Amino acid sequence: MRIGSDGTWFYMGTPIGRPALVRLFSTILKREDGKHFLVTPVEKVGIRVDDAPFLAVEMTKETDHRGTAAALQDQCRRLGGLRFFPRLRFEAAADAA
């Protein structure tokens, strides 16, 4: 298996077309010693990641009494929050004006 640099998940060279299956795999993705694995209670399978395992597709700014943070949504439609901004990289979409 492989996660392409654009966030597309592949199995045997073919993109996985079922978003629910990609979301499921994303919940069991782990990183150990710089390598990525899909880990279940009975199996641990290596997975190649071309760039980064998740691609943020939406970002909103949130401010409260603790400060400002970014809430990111990835290509698997999982929500997450960052209090700090470690080495974020922004790229314009190919179709952006």
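A quick note: this is a predicted structure, and the numbers were derived from the prediction, not measured. Atoms considered below: every heavy atom in the structure, side chains included; atoms not considered: hydrogens, waters and symmetry mates. Sequential numbering from 1 along the given sequence is applied to the chain's residues.
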For this session: Determine, using the 4.5 Å side-chain heavy-atom cutoff (strictly less than), whether V22 and F10 are members of one ILVMFWY cluster.
Result: no
Exercise. Heavy-atom count around Y11 OH within 6.0 Å, excluding the residue itself: above 12?
Worked result: no
For this session: Flag the pair L21 / W9 as yes when at least one side-chain heavy-atom distance between them is below 4.5 Å, and no otherwise.
Result: no
Exercise. Just how far is it from atom CD of E32 to atom NZ of K44, taken to the nearest 0.5 Å?
Worked result: 3.5 Å
Exercise. If you round to the nearest 0.5 Å, how far is CG of D50 from CD1 of I3?
Worked result: 9.0 Å
Exercise. If you group Ile, Leu, Val, Met, Phe, Trp and Tyr by side-chain heavy-atom gaps below 4.5 Å, do M12 and F37 land in one group?
Worked result: no
Seminar exercise, completed: dist I28:CD1 -> T40:OG1 (nearest 0.5 Å) comes out at 6.0 Å
Exercise. Any side-chain heavy atom of H36 sitting closer than 4.5 Å to one from R2?
Worked result: no
Problem set entry | Any residue meeting salt bridge (Lys or Arg N to Asp or Glu O under 4.0 Å) with K30, in chain and number order, not counting sequence neighbours | none
For this session: Flag the pair M1 / I16 as yes when at least one side-chain heavy-atom distance between them is below 4.5 Å, and no otherwise.
Result: yes
